**Student:** 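Once you've had a glance at the structure underneath, I'll fire off some questions.
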Amino acid sequence: MSGLLRRHRDFRLLWCGETAGRFGAAVTNVTMPLVAVSALHASTFAVGLLSACGWLPWLLIGLPVGVWVDRLRRRPLMLSAAAVSLVLFAAVPVLAWSGGLGLGLLIAVALLTGAAAVLFQTAYSAYLPTLLAPDDQSEGNAKLHGSASAAQIAGQGAGGLIAQLAGAVNGLFANAATFLVSLCCLLGIRYREPRPEAGDRAPQSLTKEVAEGLRLVAGDRWFRTLTVFGATSNLALMGYQSLLTVFLVREVGLSPGAVGGLMALAGTGGIAGAFVVRRTADRIGTARATLLFELGLSSTALLIPLTVPGAGTLLYVVGSFGVSAGVVGGNILKVSFQQGYCPPPLLGRLVASSAFLNYGTLPLGALLGGALGSALGVRTAMWIMTAGVPLAALVLVFSPIRTVRDLPARRTETTPDPAAQPAGGSS
């Protein structure tokens, strides 16, 4: 066990709780589309619509959630989100036994659990800095993202296996169990955070505080660049990922168990990305590392549409491995930058405002992928959407990030703009 996990009991519990939730989300990403495909025989567009509904709450409630996270204690919000997900996932198989399973029910569950995920993710991103000293936050982020990747691997493999053995619908009990574990871990945290204080600021309306978060993102060149990139990248990523189950089952001809196994194998790229990102950033700088992970590694997405039965499935594994490594490594760099650069009283609104724009394109990408798959065929749609992954990284290439070695460490009124300074360090 690492020194950070040994020293910080509460961080260890947060780590376990967040990892359990990520495992459950990964199981969901496999089982929910499989329920739609195998149990309901849903169309390609319907599967894309189901994926879109899981992310739509970021557009609907993402901004006000950021304000609530800045106003309220974060741990009770995370507990509430985990409890809601537990109840909803356990209810689906029970309703299915009574003959109530339908696409409308799955969409409702996707929307409500998606809303719980908005609350949980925004709260925990702002909660982590209260548990760790600034010098430990980078390591903490790396461990959380690394464990999230490991949980995603295990969850995808387990989701496919459970669907194969117990059926996709009954597999949702596994989702519920993971959120029960998350709930228990969060309940064990001893640290009781004080209620966030507004400081010298007079209380503002919800609308004004939402606007303050949006102005922070729009007015700062670093936040603005990373947010625009995240929005365009997520559009392409979700566009092809919403088709992935349909592609692997109907185009490549794989069984549900094989789909989960391949997704798990490819997901090891996330662990690799989390493992090397800090060393890479220390060696070449955080800005250059961001370009390497988000453009260089993620370009392997172009191998995915080449996947064919047999040995050709390795093309999917290699392509998705690179994408996972690039996305996880880039996310670690981005989150660590946000937590260090953003004033603490605004962190919840920053996370929610950037997530509103970043994740807001995910349902659009899912709908676009489903529409293209229905109109042009699944493999053609996969080509179009995977090509968007490296194209999105051009936002970073033509931004101030390309001109510096490191992203700035702290946002102050007197901090000089690093983009105006010559890039330092070794190439």
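The structure presented is a predicted model; accordingly, all values stated were derived computationally and were not measured. Index from 1, following the sequence.
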**Student:** How far apart are the closest heavy atoms of I401 and L407, and which atoms are they?
**Tutor:** CG1-CD2, 4.0 Å
**Student:** Closest heavy-atom contact between S354 and Q338?
**Tutor:**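 So the minimum-distance heavy-atom pair works out to OG-NE2, 3.6 Å.
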**Student:** Taking F321's backbone N and O only, do any of them form a donor-acceptor pair with S324's side chain (distance below 3.5 Å, no angle check)?
**Tutor:** no
**Student:** Atom CG in L265, atom OH in Y316: separation rounded to 0.5 Å?
**Tutor:**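 Separation between the atoms: 9.0 Å.
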**Student:** Closer than 3.5 angstrom, by distance alone: can the side chain of T225 be matched with the main-chain N or O of W222 as a donor-acceptor pair?
**Tutor:** no
**Student:** Measure centre to centre between the rings of Y341 and F223, then say whether the value is under 6.0 Å.
**Tutor:** yes
**Student:** Counting only heavy atoms not in F275, do more than 12 sit closer than 6.0 Å to its CZ atom?
**Tutor:**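 Open.
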**Student:** Do L49 and L367 have side-chain heavy atoms sitting under 4.5 Å apart?
**Tutor:** yes
**Student:** Taking the side chain as every heavy atom from C-beta outward, state whether F293 and V277 have any atom pair closer than 4.5 Å.
**Tutor:**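 Contact flag for F293/V277 side chains = yes.
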**Student:** Rounded to the nearest 0.5 Å, what separates atom CG in L306 from atom CG in L314?
**Tutor:**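 It comes to 12.5 Å.
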**Student:** Would the distance check show the side chain of S98 and the main-chain N or O of L95 forming a donor-acceptor pair, the cut-off being under 3.5 Å?
**Tutor:** yes
**Student:** At what distance, to the nearest 0.5 angstrom, does CE of M238 lie from CE of M385?
**Tutor:** 10.5 Å
**Student:** So, R379 side chain and F247 main chain: donor-acceptor pair closer than 3.5 Å or not?
**Tutor:**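 Between the backbone of F247 and the side chain of R379 there is no qualifying donor-acceptor contact (under 3.5 Å).
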**Student:** If you define the side chain from C-beta out and look only at heavy atoms, does anything of S336 sit under 4.5 Å from R278?
**Tutor:**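 Counting from C-beta outward, S336 and R278 never come under 4.5 Å.
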**Student:** Atom CG in L119, atom CD1 in I61: separation rounded to 0.5 Å?
**Tutor:** 7.0 Å
**Student:** Below 4.5 Å, heavy atoms only, C-beta onward: do S80 and F120 meet side chain to side chain?
**Tutor:** no
**Student:** Answer yes or no: is there a donor N or O on one side and an acceptor on the other, between the side chain of T307 and the main chain of I304, under 3.5 Å?
**Tutor:** yes
**Student:** Can you tell if the side chain of T19 reaches within under 4.5 Å of the side chain of C185, non-hydrogen atoms only?
**Tutor:** no
**Student:** Below 4.5 Å, heavy atoms only, C-beta onward: do T122 and W68 meet side chain to side chain?
**Tutor:** no
**Student:** Compare every heavy atom of I107 with every heavy atom of C53, then report the nearest pair and how far apart it is.
**Tutor:** SG-CG2, 3.5 Å
**Student:** Before you tell me yes or no, could you show the steps for L186 and E18 under side-chain contact (heavy atoms from CB on, under 4.5 Å), namely the whole-Å CA-CA distance, both residues' side-chain angles and the distance that decides it to 0.1 Å?
**Tutor:** CA-CA 9 Å; L186 295 173; E18 200 270 342; over 6 Å; no
**Student:** Write down the atom of G388, the atom of A236, and the distance for their closest heavy-atom approach.
**Tutor:**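 Closest approach of G388 to A236: C-CB, 3.5 Å.
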**Student:** Can you find a heavy atom in the side chain of K334 that is under 4.5 Å from one in the side chain of F229?
**Tutor:**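 No; the side chains remain at least 4.5 Å from each other.
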**Student:** Within the side chain of T361, is there an N or O that forms a donor-acceptor pair under 3.5 Å with the backbone of A231?
**Tutor:** yes
**Student:** Would you say Y124 and R74 make side-chain contact, with heavy atoms under 4.5 Å?
**Tutor:**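 With C-beta onward as the side chain, the pair stays apart.
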**Student:** Between L79 and L183, does a side-chain contact (heavy atoms from CB on, under 4.5 Å) hold up when you go through it step by step?
**Tutor:** CA-CA 6 Å; L79 288 168; L183 191 65; 3.8 Å; yes
**Student:** Go through L368 and L364 one step at a time and tell me if the side-chain contact (heavy atoms from CB on, under 4.5 Å) criterion holds.
**Tutor:** CA-CA 6 Å; L368 178 60; L364 301 179; over 6 Å; no
**Student:** Which pair of heavy atoms, one from D10 and one from G188, lies closest together, and at what distance?
**Tutor:**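 Looks like OD1-O, 4.4 Å.
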**Student:** Write down the atom of A258, the atom of L254, and the distance for their closest heavy-atom approach.
**Tutor:** CB-CB, 4.1 Å
**Student:** Return yes if some donor-acceptor pair links the side-chain N/O of S399 with the main-chain N/O of L396 below 3.5 Å, else return no.
**Tutor:**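 Yes, S399 side chain to L396 backbone: donor-acceptor pair under 3.5 Å.
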**Student:** Output the distance between atom OG1 (T386) and atom CG (L237), rounded to the nearest 0.5 Å.
**Tutor:**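 Rounded to the nearest 0.5 Å, the OG1-CG separation comes to 10.5 Å.
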**Student:** Look at the side chain of S298 and the backbone N and O of L295, then say whether any donor-acceptor pair between them is shorter than 3.5 Å.
**Tutor:** no
**Student:** Between atom CG of L56 and atom CG of L60, what is the distance when rounded to the nearest 0.5 Å?
**Tutor:** 4.0 Å
**Student:** Show the numbers, then the answer: is there a side-chain contact (heavy atoms from CB on, under 4.5 Å) between V181 and F23?
**Tutor:** CA-CA 10 Å; V181 173; F23 180 88; over 6 Å; no
**Student:** Against T300, only a single residue in L315, V389, V323 fulfils side chain to side chain contact (heavy atoms under 4.5 Å, CB included); can you say which?
**Tutor:**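 It is V323, the one option of L315, V389, V323 that forms the side chain to side chain contact (heavy atoms under 4.5 Å, CB included) with T300.
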**Student:** Tell me whether S182 contacts the main-chain N or O of T178 through its side chain, where contact means a donor paired with an acceptor under 3.5 Å.
**Tutor:**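 Such a contact is absent between S182 side chain and T178 backbone.
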**Student:** What residues form a ring-ring contact (aromatic ring centres under 6.0 Å, His included) with W97, not counting sequence neighbours?
**Tutor:**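 Applying ring-ring contact (aromatic ring centres under 6.0 Å, His included) to W97 gives F173.
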**Student:** State which residues pass side chain to side chain donor-acceptor pair (under 3.5 Å) with N234; sequence neighbours excluded, sorted by chain then number.
**Tutor:** none
